[in-house]
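Below: one structure, written as structure tokens.
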Amino acid sequence: MLRYMIIFGFFFFSDPVMAQEVDSIAIQLQELPNGFYNKVEKKYASINKNLTKKTGKYLKNLKREERKFYKKLSGIDSGSAKFAQSSSDAYEKFTTRLTTKSEKLQKVNLDEYSARIDTLSTSLSFLNQYPDLQEKIKLPSESLEKLKANLNETSQVQAFIGERRQLMKEALAKYTHLPRGLQKQYEKINKTAYYYKAQVQEYKNMLKDPQKIEATTIKLLNKIPAFQSFMQQNSQLASLFALPQNYGTAASLSGLQTRSSVQQMIQTRISAGGPGAMQQVQQNLSQAHAEINKLKDKLDKLGESDGDPDMPDFVPNNQKTKSLFKRMEYGFDVDFGKNNSLMPGTAKVAVSLGYKLSDKFVMGAGLGYSLGLGSIQHISLSHQGVSLRSFMDWKPFGNGKSGFLSSLWISGGYEMNHNAGFKNIEQLKNYNAWQRSALLGISKKYKISKKVRGEMKLLYDFLHREHLPVSRAVVWRVGYKF
């Protein structure tokens, strides 16, 4: 009788406690940002779409370039013409297999582990336990799983590209003297293979940079003990290393060997070997070190002979794989002009928008406004016109991160200035009222913060003598780039 009373009491008192715990977690989950689910779905669906599009584009380009390669090769060896058709068939089969997706996608683990994606994926799985949230996390979870599957497929694409390049290399190995055009075509294929891998890495880097709303949500979830326990048991990292329940505590270190105990054990074993044991151990270590160096040399030579796209034999354009937004450069600058008998002193303020063609070349346009300041004796603010600008910046001294020359750029531009106040747009349509400037000089860009750089420009105006009145020949500007 007593046994049944104990069992009844256990269920009677434990159920309310468990229910209270679940209700407490549900209340805490209500504090999560409302836009979290929508932001996650949009972000990862967009990355997945762009990655799929880029993969298809690179495969299409490689297929076309490989066809050109075999066409050029057939000019010196008619027997190689048959490889062109087999090449096209190989691309068709691979693309078809790549685009055939399963209707229902199960939970996917990334081949290349990502702590950020693992945390987010496990967080969505945790939230899926609560019926009120299941509908909200459906689309974010699907987008994330599709993206992970797509990222895993990129390794298959890179392996396929490696196989195609190896076949072409074997075809070239038969000849001692190759036409320059054929060699250039093979180098072009190597460049495309390199940029595809760099493009994939760019998307992976985007995954490492969480949005503010993601970081806030994960921070709130980490305050819930039930979530921490769920992460330890269900994350991809936990499946790889089987983290213990008391992971991260002093108790989890109990029974592990310390460094001092390991050192003592090694010394005991060496001492048991006799007086020459230590010398023998050192000799064995030296031999092992020599063998490792030999292997490193072989790997270096292998990389040189294979022309591995990880080690390009050309200077890569790091801007090529970035999105349009990331290649934009926003600017602000100001310069001051002295007053004369016809014009007051001015402050010319301008904003600009540049596009990075490469790490060493930027071009863009800007819009300026001239504010009249008067003179030292009589300060008076007035509208003194507007300006339209175009500019180009070129970095001739390499990509070094330090040194004076590495921060210098050659800068130039063409500008049109309307040096008079205006009351309506019609007044600006008079082309002859605009004063033209052709500028060339040097600029120095220096880092202020992670996202902001300072800029100083010293420019010479080749058309200053044509201005009325004759303007200053040298223009000094300071500003910022974002």
Side-chain angles (χ1 to χ4, degrees), residues 25-26 28-59 94-158 199-222 224 226-228 230-240 323 325:
I25 295 174
Q28 290 176 289
L29 294 179
Q30 295 299 322
E31 299 177 1
L32 298 181
N34 292 327
F36 167 69
Y37 309 99
N38 189 40
K39 287 285 187 180
V40 168
E41 193 275 327
K42 285 187 176 180
K43 174 182 177 179
Y44 293 103
S46 175
I47 294 177
N48 186 54
K49 179 181 177 181
N50 290 331
L51 179 57
T52 302
K53 183 178 179 182
K54 288 290 186 181
T55 297
K57 181 179 178 181
Y58 274 98
L59 285 174
F94 181 78
T95 304
T96 301
R97 178 163 58 87
L98 201 64
T99 54
T100 303
K101 308 286 185 181
S102 58
E103 295 183 3
K104 188 175 182 180
L105 193 63
Q106 303 296 328
K107 184 175 177 61
V108 178
N109 285 330
L110 280 174
D111 294 339
E112 183 180 332
Y113 179 76
S114 168
R116 177 64 56 183
I117 296 301
D118 187 17
T119 301
L120 181 59
S121 180
T122 310
S123 301
L124 293 175
S125 298
F126 172 76
L127 295 173
N128 192 45
Q129 298 177 111
Y130 301 89
D132 293 342
L133 299 177
Q134 289 177 353
E135 191 62 31
K136 290 183 178 180
I137 70 167
K138 182 179 179 181
L139 289 178
S141 296
E142 290 179 355
S143 296
L144 188 58
E145 296 305 317
K146 288 179 181 177
L147 177 59
K148 290 194 290 184
N150 204 353
L151 285 171
N152 286 344
E153 287 177 348
T154 59
S155 60
Q156 301 176 28
V157 175
Q158 292 177 37
Q199 183 72 74
V200 172
Q201 188 59 47
E202 179 68 21
Y203 285 120
K204 289 181 179 179
N205 292 339
M206 291 172 63
L207 298 176
K208 296 178 183 177
D209 186 17
Q211 295 177 334
K212 185 177 180 180
I213 195 169
E214 289 180 45
T216 301
T217 301
I218 300 301
K219 185 177 180 180
L220 291 173
L221 286 173
N222 277 324
I224 304 175
F227 172 74
Q228 297 176 9
F230 187 87
M231 279 288 297
Q232 291 178 6
Q233 298 175 19
N234 297 278
S235 66
Q236 184 180 355
L237 185 63
S239 66
L240 292 173
S323 63
F325 179 77

By salt bridge (charged side-chain N to carboxylate O under 4.0 Å, His left out) - contacts of K39 (at least two apart): none

Specify the closest pair of heavy atoms between I137 and L124, including all atoms of both residues, with the distance to one decimal. CD1-O, 3.2 Å

Please report the interatomic distance CG(N222) to NZ(K219), rounded to the nearest 0.5 Å. 10.0 Å

List the atom of S123, the atom of I218, and the distance in Å for their closest heavy-atom pair. OG-CD1, 3.3 Å

Got I224 and F230 here, is their nearest side-chain heavy-atom distance under 4.5 Å? no

How far apart are the C-alpha atoms of V200 and Q158, what are their side-chain angles, what is the distance that settles it, and do they pass the side chain to side chain contact (heavy atoms under 4.5 Å, CB included) test? CA-CA 10 Å; V200 172; Q158 292 177 37; 4.2 Å; yes

Rounded to the nearest 0.5 Å, what separates atom CD in E202 from atom CD1 in I47? 10.5 Å

One should read off an interatomic distance between L98 CG and Q156 CD, to the nearest 0.5 angstrom, of 6.5 Å

CZ of F126 to CG of N234: how many Å apart, nearest 0.5 Å? 10.5 Å

Residues passing the ring pair (Phe, Tyr, Trp, His ring centres under 6.0 Å) test with Y203, sequence neighbours excluded, are none

Please report the shortest heavy-atom distance between T217 and P33, naming the atom on each side. OG1-CD, 3.4 Å

Return the CD to NZ distance between E41 and K138, rounded to the nearest 0.5 Å. 12.0 Å

Crowded around Q201 CD? As in, over 12 foreign heavy atoms under 6.0 Å? yes

Write down the atom of N48, the atom of L147, and the distance for their closest heavy-atom approach. OD1-CA, 3.6 Å

Is it true that N150 and T52 share a donor-acceptor pair across their side chains at a distance under 3.5 Å? yes

Results of side-chain hydrogen bond (donor to acceptor under 3.5 Å, both in side chains) for T55 - residues two or more places apart only: Y196

With sequence neighbours left out, what residues match Q199 under side-chain hydrogen bond (donor to acceptor under 3.5 Å, both in side chains)? none

Please lay out, stage by stage, how K148 and E145 fare under the test salt bridge (Lys or Arg N to Asp or Glu O under 4.0 Å). CA-CA 5 Å; K148 290 194 290 184; E145 296 305 317; 3.2 Å; yes

Hey, does L151 have a side-chain heavy atom less than 4.5 Å from the side chain of D111? no

Quick one: does any side-chain atom of T122 pair with a main-chain N or O of T119 as donor and acceptor, under 3.5 Å? no

Counting distance only, does the side-chain N/O of T216 pair as donor-acceptor with the main-chain N or O of K212 below 3.5 Å? yes

Ring pair (Phe, Tyr, Trp, His ring centres under 6.0 Å) filter on F36, not counting sequence neighbours, yields none

Are the side chain of D118 and the backbone N or O of Q236 linked by a donor-acceptor pair below 3.5 Å? yes

Full working for salt bridge (Lys or Arg N to Asp or Glu O under 4.0 Å) between K43 and E214: CA-CA 11 Å; K43 174 182 177 179; E214 289 180 45; 3.2 Å; yes

Heavy atoms only: give me the nearest L120-V40 pair and the separation to one decimal. CD2-CG1, 4.2 Å

Value rounded to 0.5 Å, distance of OH in Y37 from OG in S141: 10.0 Å

Side-chain donor or acceptor of S143 paired with backbone N/O of P140 under 3.5 Å: no

Any donor-acceptor pair under 3.5 Å from E142 side chain to L139 backbone: no

Applying side-chain hydrogen bond (donor to acceptor under 3.5 Å, both in side chains), name anything that partners N50, two or more places apart in sequence or on another chain. none

